[in-house]
A.B. asks: 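Handing you a structure now.
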Amino acid sequence: MIPFLPLNRINESFEPELSEAISRVVKSGWYLRGQETEKFESEFAEFCAMKNCVGVASGLDALTLIFAAYKIMGKLCDGDRVIVPANTYIASIMAITKNNLIPILVEPNEETFNLGKIADAQGAKAILSVNLYGRQANLPKNDLLLIEDCAQSAGIKPKGDAAAFSFYPSKNLGALGDGGAVVSNNYELCEIVRTLGNYGSKKKYINDYLGFNSRLDEIQAAVLRVKLKRLNEDNKKRNEIAMRYIAEIKNPNIILPKPGPEHVWHLFVIRSKQRDVLQKCLQESGVETMIHYPVPPHLQKAYKHLNCKLPLTEMLANEVLSIPLHQAMSEEEIEVVLKKCIDSWRGP
């Protein structure tokens, strides 16, 4: 079986540096808000061409804290509307609603999967643009606050007012557990995010805000520092595999993704009108696949009250299928995936 994403193999490729970094933290006796986190924040801010970075506990926390900080700054208020693509992972929308803001779900662009044209801002105060599957969205030019969800696009330089990253283990820049970061050129925003993530406290036992417990721990920061050094190289390998897939997969039952000017190929997502049949054929022929995401947020019980009609989003959810693509793939594995996608069921 060709595995979808063998994290053990990917992590083994960073040895022995990875184990040495973890051992260094264990021996230091300092496990939160220490030198490893400070150094990672500095290195990742520079990597993103941003002035500031704050490590947090997850990608969802990164988004949630951005919105919370903008509320403290007076840029957003309870009940303000935020435009967001409807086909995103549910965490994007949770970050909005957890801050008593109203998500305005809009249909994506069918070819790019990203935010489509916004004909009417509907009184919105902000846009949450999602770089779905690793492709940077074409960011709209207007006066709205622009937050960039970069959970799947580590390696792309953000262009919004603030950006949120996830370091979940399966990401292009993945920790050995959960983690996330906020980056921005706005120093005030990042300082509020940092304070909010530390129980709303700048000084021990003095709490300025009703905060959260959301901090990137030292071990994960050390792991990410090791992996960050190779991120551009690993993303280049992902791009090379993606370009082969696009050039060589010829199957009338498969719609291939479109490469973008800024794309790190977190996932290689094909489409098929007979997705479930295709997935079964690939599974039986030894290729593991995944579906991202089978049920869109507006059809989840948690957001049933939104009462949205989003036919394009629902169609894409029924057609998308992710096939293996990662920097540790062997030439043999790539050839097998190509052959099986070409030879698999071709429809009636």
A.B. asks: Do Glu262 and Lys159 sit within salt-bridge range, that is, some charged N less than 4.0 Å from a carboxylate O?
C.D. replies: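 Salt bridge flag = no for Lys159 with Glu262.
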A.B. asks: May I ask you to decide if Met1's main-chain N or O and Glu288's side chain share a donor-acceptor pair within less than 3.5 Å?
C.D. replies: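 Between the backbone of Met1 and the side chain of Glu288 there is no qualifying donor-acceptor contact (under 3.5 Å).
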A.B. asks: Is the backbone of Asp61 close enough, under 3.5 Å, to the side chain of Ser58 for a donor and an acceptor to pair up by distance?
C.D. replies: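 Checked: pair present.
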A.B. asks: Does Ile147 share a hydrophobic cluster with Leu60, counting links as ILVMFWY side-chain heavy atoms below 4.5 Å and allowing steps through other members?
C.D. replies: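 In one cluster: yes.
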A.B. asks: Can you tell if the side chain of Val264 reaches within under 4.5 Å of the side chain of Asn239, non-hydrogen atoms only?
C.D. replies: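 Side chain of Val264 against side chain of Asn239, heavy atoms only: no contact under 4.5 Å found.
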A.B. asks: Which pairs pass ring pair (Phe, Tyr, Trp, His ring centres under 6.0 Å) with one or both residues in residues 147-189, sequence neighbours excluded?
C.D. replies: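 Residue pairs with at least one partner in residues 147-189: Phe40-Phe167, Phe44-Phe165, Phe44-Phe167.
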A.B. asks: Check the hydrophobic clustering (I, L, V, M, F, W, Y; side-chain heavy atoms under 4.5 Å; chains of links allowed) and say if Val223 and Leu173 are grouped together.
C.D. replies: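 Each belongs to a different hydrophobic cluster.
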A.B. asks: Kindly compute the distance separating OG1 (Thr88) from CG (Leu105), expressed to the nearest 0.5 Å.
C.D. replies: 9.0 Å
A.B. asks: Ignoring hydrogens and angles, tell me if any N or O in the side chain of Asn172 forms a donor-acceptor pair with the backbone of Gly155 under 3.5 Å.
C.D. replies: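 No; zero donor-acceptor contacts below 3.5 Å.
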A.B. asks: Would you say Asn114's side chain and Leu132's backbone share a donor-acceptor pair under 3.5 angstrom?
C.D. replies: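 Yes, because the side chain of Asn114 sits within donor-acceptor range (under 3.5 Å) of the backbone of Leu132.
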A.B. asks: Flag the pair Glu41 and Arg194 as a salt bridge only when some basic side-chain nitrogen lies within less than 4.0 angstrom of an acidic carboxylate oxygen.
C.D. replies: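 Yes, Glu41 and Arg194 are salt-bridged.
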A.B. asks: Tell me whether the centres of the aromatic rings in Phe113 and Tyr133 are closer together than 6.0 Å.
C.D. replies: yes
A.B. asks: Out of curiosity, Glu314 CD to Glu319 CD, how far, rounded to the nearest 0.5 Å?
C.D. replies: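 With rounding to 0.5 Å, CD (Glu314) is 12.0 Å from CD (Glu319).
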A.B. asks: CD1/Ile323 to SG/Cys341 distance, rounded to the nearest 0.5 angstrom?
C.D. replies: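 Taking CD1 in Ile323 and SG in Cys341, the distance rounds to 4.0 Å.
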A.B. asks: Which pairs count as salt bridge (Lys or Arg N to Asp or Glu O under 4.0 Å) when at least one residue sits in residues 171-180, sequence neighbours excluded?
C.D. replies: none
A.B. asks: Ignoring hydrogens and geometry beyond distance, is a side-chain donor-acceptor pair present between Asn11 and Lys227 at under 3.5 Å?
C.D. replies: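 Yes, side-chain donor-acceptor contact under 3.5 Å.
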A.B. asks: Please check if Leu325 and Ile255 belong to a single hydrophobic cluster, counting links between Ile, Leu, Val, Met, Phe, Trp and Tyr side chain heavy atoms closer than 4.5 Å.
C.D. replies: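 Different hydrophobic clusters.
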A.B. asks: Other residues, nucleotides and ligands only: do more than 12 of their heavy atoms fall within 6.0 Å of CD on Gln300?
C.D. replies: yes
A.B. asks: Does the pair Arg271/Glu110 count as a salt bridge with the N-to-O cut at 4.0 Å?
C.D. replies: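 The answer is yes: the pair qualifies as a salt bridge.
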A.B. asks: Verify, without hydrogens or angle tests, whether Ser19 (side chain) and Pro16 (backbone) share a donor-acceptor contact under 3.5 angstrom.
C.D. replies: no
A.B. asks: Are any of the side-chain heavy atoms of His263 and Arg238 separated by less than 4.5 Å?
C.D. replies: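 His263 vs Arg238: side chains apart.
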A.B. asks: Verify, without hydrogens or angle tests, whether Asn109 (side chain) and Thr112 (backbone) share a donor-acceptor contact under 3.5 angstrom.
C.D. replies: yes
A.B. asks: For the residue pair Cys150 and Gln136, establish whether any side-chain heavy-atom pair is separated by less than 4.5 Å.
C.D. replies: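 They are not in contact (no side-chain heavy atoms under 4.5 Å apart), so the answer is no.
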A.B. asks: For the CG atom of Asn142 and the CG atom of Leu145, what is their distance to the nearest 0.5 Å?
C.D. replies: 10.0 Å
A.B. asks: Can you find a heavy atom in the side chain of Ile104 that is under 4.5 Å from one in the side chain of Val82?
C.D. replies: no
A.B. asks: Quick one: does Ser13's side chain get under 4.5 Å of Gln327's, heavy atoms only?
C.D. replies: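 Counting from C-beta outward, Ser13 and Gln327 never come under 4.5 Å.
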A.B. asks: Between CD1 of Ile127 and CG of Leu115, what distance do you get to the nearest 0.5 Å?
C.D. replies: 6.5 Å
A.B. asks: Are Arg225 and Glu38 within salt-bridge range, i.e. N to O under 4.0 Å?
C.D. replies: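 Salt bridge flag = no for Glu38 with Arg225.
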A.B. asks: In terms of hydrophobic clustering (I, L, V, M, F, W, Y; side-chain heavy atoms under 4.5 Å; direct or indirect links), are Leu216 and Leu32 co-clustered?
C.D. replies: no
A.B. asks: Tell me, yes or no, whether the heavy-atom count around Glu191 atom CD, taken from other residues, nucleotides or ligands under 6.0 Å, exceeds 12.
C.D. replies: yes
A.B. asks: Taking everything shown except Asp78 itself, do over 12 heavy atoms lie less than 6.0 Å from its CG?
C.D. replies: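 Yes, CG of Asp78 has more than 12 neighbouring heavy atoms, counting only those of other groups under 6.0 Å.
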A.B. asks: Are Glu17 and Lys229 close enough for a salt bridge, meaning some N to O gap below 4.0 Å?
C.D. replies: yes
A.B. asks: If hydrophobic clusters are built from ILVMFWY residues whose side chains come within less than 4.5 Å, do Leu224 and Ile219 share one?
C.D. replies: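 Result: no, two separate clusters.
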A.B. asks: Inspect the surroundings of CD in Glu332 and state if more than 12 heavy atoms from other residues, nucleotides or ligands are less than 6.0 Å away.
C.D. replies: no
A.B. asks: When rounded to the nearest 0.5 angstrom, what distance separates CD1 in Ile93 from CD1 in Ile102?
C.D. replies: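 Result: 13.5 Å between the selected atoms.
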A.B. asks: Give a yes or no on this: more than 12 heavy atoms of other residues, nucleotides or ligands lie within 6.0 Å of atom NZ of Lys75.
C.D. replies: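 Counting other residues, nucleotides and ligands, NZ of Lys75 stays at 12 neighbours or fewer.
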A.B. asks: More than 12 heavy atoms of other residues, nucleotides or ligands under 6.0 Å from OH of Tyr245: yes or no?
C.D. replies: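 Enclosed: over 12 neighbouring heavy atoms sit under 6.0 Å from OH of Tyr245.
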A.B. asks: Counting N and O atoms only, with roles assigned by atom type, does the side chain of Ser184 sit under 3.5 Å from a partner on the main chain of Asp161, one being a donor and the other an acceptor?
C.D. replies: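 Side chain of Ser184 to backbone of Asp161: a pair is present.
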A.B. asks: Would you find more than 12 non-hydrogen atoms of other residues, nucleotides or ligands less than 6.0 Å from Glu46 atom CD?
C.D. replies: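 No.
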A.B. asks: Testing the 3.5 Å rule here: is there a donor-acceptor pair between the side chains of Asn253 and Gln274?
C.D. replies: no
